[in-house]
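Reading through the structure tokens given below for one structure.
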Number of protein chains: 2
Amino acid sequence: MAQSWENPRQEPETGGADEYARSGVDIAAGNDAVARYRQILGEWRHPDQLDAIGGFAGLMRLPGDRERALAASTDGVGTKVLIAAELGRYAAVGADLVNHCVNDILVLNATPLFFLDYLAVGKLDPAVAAEVVRGCAEACRRHGCALLGGETAEMPGLYAPGHFDLAGTIVGLVEIADLPRSDSVEPGDAIVGLPAVGLHTNGYSLARSLIPAQSWRERFDGGTYADALLAEHPSYSQAVRAIERVARVKAMAHITGGGLLENVPRTLSENVKAVFDQERWNVPPIQRELVARGRLGHEERYRVFNMGIGYTLVVSDADAAKAVAAAPGARVVGRIEARTPWEPRVVIESARDA
Amino acid sequence: MAQSWENPRQEPETGGADEYARSGVDIAAGNDAVARYRQILGEWRHPDQLDAIGGFAGLMRLPGDRERALAASTDGVGTKVLIAAELGRYAAVGADLVNHCVNDILVLNATPLFFLDYLAVGKLDPAVAAEVVRGCAEACRRHGCALLGGETAEMPGLYAPGHFDLAGTIVGLVEIADLPRSDSVEPGDAIVGLPAVGLHTNGYSLARSLIPAQSWRERFDGGTYADALLAEHPSYSQAVRAIERVARVKAMAHITGGGLLENVPRTLSENVKAVFDQERWNVPPIQRELVARGRLGHEERYRVFNMGIGYTLVVSDADAAKAVAAAPGARVVGRIEARTPWEPRVVIESARDA
């Protein structure tokens, strides 16, 4: 889970159900850890620290600057690295990581300044390490973001030969006046969804248990399972900036671990709910395959996987058509409704499930 | 190695010699990776990125601010985590990590703003994770540094049960006018050393091969080997600020992987050399033990271990006495001399080796 102390996000250990626990990930332990972190962090807080709505990133006032704040987020790519390592495809996970981090601070409207990577290996293969870093460097460059440094650690005994872990930290700048104001979200607003491309960087423990390694090179959906599983986590930076030019965006969410069910409410107040209409977008083939293989229930599938929506934006209904026209693939996928305290914060309506 | 692209530092895989290679760490591969990183990073550089002398941290001009820059560094604690995990001492590695990062940006005179941690585990134990985060939080608080967030990832299949990895990123602020000017270092200047407490966070692959796990609970030097091996990596922030109040500091170095031999030259020009006099300080018992057990040669011991000096500052000879008086344990440990191109950049004079 991201220790974005306001509203912690659970990275791959999130999930709702038995299936995910069977993949080796313990949800109760995750919730317990988060509660402990909150207590520790509650004991002292830097006076310049700001509430970062949704907790996708941390936010700190820039000393001596009344108008700007720094947003920062650390993330990893989870056990997607195990698939990348098995198949020898390394550059893609570097880009996955940078794009994931970019999206996390984009939720606060922050523009990336710089990124640092952390690559840990059991046995250092310079060509592999360079490919990972190249993936990071190219994704950074696409965002005008400096790759300011990083750390490569060779740790025999901690990682098996061929295994590696990859994490990174992004720092961006945001005008305090530009921070999204979720209190402006109101019933009748539209939820615009941006399309996901594969699983992004979440749900891989479950995905690996449902599609085992010996199947990865088999044909699937015009390519292989490997292609589908390693599809690059996209950056939503361009799409969001394009939408912001034509519409006032009230709240955003990056759909990571916890899916639509957990990520969308993070930036909404308690008196509204997000109602999605599954008929309005297509679930990508890899998610459909995983749902079928694991016989995943409605709740579980929407909690562990993004189910085809990678990023959401709330705009007024009047702005919705302009917003959708501004970014390729964007569509209205739901609406904001009033919520009473005993109602769920997210509802996903799906005729096919009925 | 830190990808502090100017002058990369090699984290535990640095070392000079056969013994370290036997511990599973490949120096040639490390150098190869660094060369590849440099090439990748040479292809594009953000215009606001500044040369960060010594490469202990990255440095970037703060947009819209002519006077200030952000310094950032990502680091890990290496295989010290394997000892901490074996012995169930978790909080200390959190402090190790924060202090290590603080020292890395201190070399640029930067003051910490915020820190984010990355904790990766095979099986999440909430009490253990909280202890690690508590160690980070307390060390952050001692530096007035916000613990702005982080990521805890449970990754079954990548880490063995009980194993974990810990890395972190620090971001600090520095007035550009306060950046150390190594071109002001000249022959006759004094090198002030601040005492190390144990191995800090480097050389643990070799240390674990020389002092195996079954010995860690044995008595050593008034405690146990475990106590000596897990001694906290200190922060030099207070000592350095105290010295800066009474002396003009020309250059600094944090003695991490690569030891005095590799870290001190990082902030010096090519026309000077650092000459250390080993008679001026005591090598701590744990380092003496490791040198004896591994029969480590002169070069190797000073490259893999800090040998008792954790941080160095170059001051004019006239300032040396004031500097030493300002910080507990500080002492003059060497001097700057003119260097011709064929001479080594660091010389360690040691009567006992003769």
Side-chain angles (χ1 to χ4, degrees), chain A residues 1-5 11-13 24-26 29-30 32-33 36-37 40-41 44 46 48-49 57-58 60 63 72-76 78-79 81-82 113-114 116 118 120 124-126 129-130 133-134 137 141 146-158 163 165 167 169 171 173 205, chain B residues 1-5 11-13 24-26 29-30 32-33 36-37 40-41 44 46 48-49 57-58 60 63 72-76 78-79 81-82 113-114 116 118 120 124-126 129-130 133-134 137 141 146-158 163 165 167 169 171 173 205:
Chain A
M1 67 241 69
Q3 300 151 17
S4 43
W5 316 99
E11 204 64 52
E13 63 276 28
V25 156
D26 183 342
D32 184 1
R36 291 168 188 254
Y37 293 170
I40 294 165
L41 271 284
W44 181 75
H46 193 288
D48 285 337
Q49 210 171 326
M60 188 172 186
S73 179
T74 288
D75 239 301
T79 54
V81 294
L82 290 172
L113 280 179
F114 59 81
L116 301 98
Y118 175 71
L124 181 61
D125 179 332
V133 171
R134 175 172 296 282
R141 184 174 184 167
L147 179 48
L148 206 58
E151 169 78 2
T152 300
E154 184 176 28
M155 297 197 280
L158 187 56
H163 278 191
D165 193 14
T169 300
V171 175
L173 204 54
S205 291
Chain B
M1 64 242 69
Q3 299 151 18
S4 42
W5 315 98
E11 203 65 52
E13 63 278 27
V25 157
D26 184 343
D32 184 359
R36 290 169 190 253
Y37 293 170
I40 293 165
L41 271 284
W44 181 74
H46 193 288
D48 284 336
Q49 209 172 328
M60 189 170 184
S73 180
T74 288
D75 238 302
T79 55
V81 293
L82 289 172
L113 280 179
F114 60 81
L116 301 99
Y118 175 72
L124 182 60
D125 178 331
V133 170
R134 176 171 295 281
R141 184 174 184 167
L147 179 47
L148 204 58
E151 168 79 3
T152 300
E154 184 175 28
M155 296 196 282
L158 187 54
H163 277 190
D165 194 13
T169 300
V171 174
L173 203 54
S205 290

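Computed from a predicted model, the values in this text were never measured in an experiment. Basis for what follows: all heavy atoms, side chains included, without hydrogens, waters or symmetry-related copies.
- The two residues B:Ala72 and A:Phe114 come nearest to each other via the heavy atoms CB-CE1, 3.5 Å.
- The residue among B:Gly157, B:Ala120, B:Ala146 with the most heavy atom pairs within less than 4.5 Å of chain A is B:Ala146.
- Take A:Arg36 and apply the side chain to side chain contact (heavy atoms under 4.5 Å, CB included) test, not counting sequence neighbours, and it matches A:Asp32, B:Pro126, B:Ala127, B:Ala130.
- Remark: side-chain polar atoms of B:Gln49 are not paired, donor with acceptor, to backbone N or O of B:Met60 under 3.5 angstrom.
- Both the backbone and the side chain of B:Leu158 come within contact range of chain A, judged by heavy atoms closer than 4.5 Å.
- Ranked by heavy-atom pairs shorter than 4.5 Å toward chain B, the options A:Asp48, A:Leu82, A:Val81 are led by A:Leu82.
- Heavy-atom minimum distance, B:Ala33 versus A:Leu124: CB-CD2, 4.2 Å.
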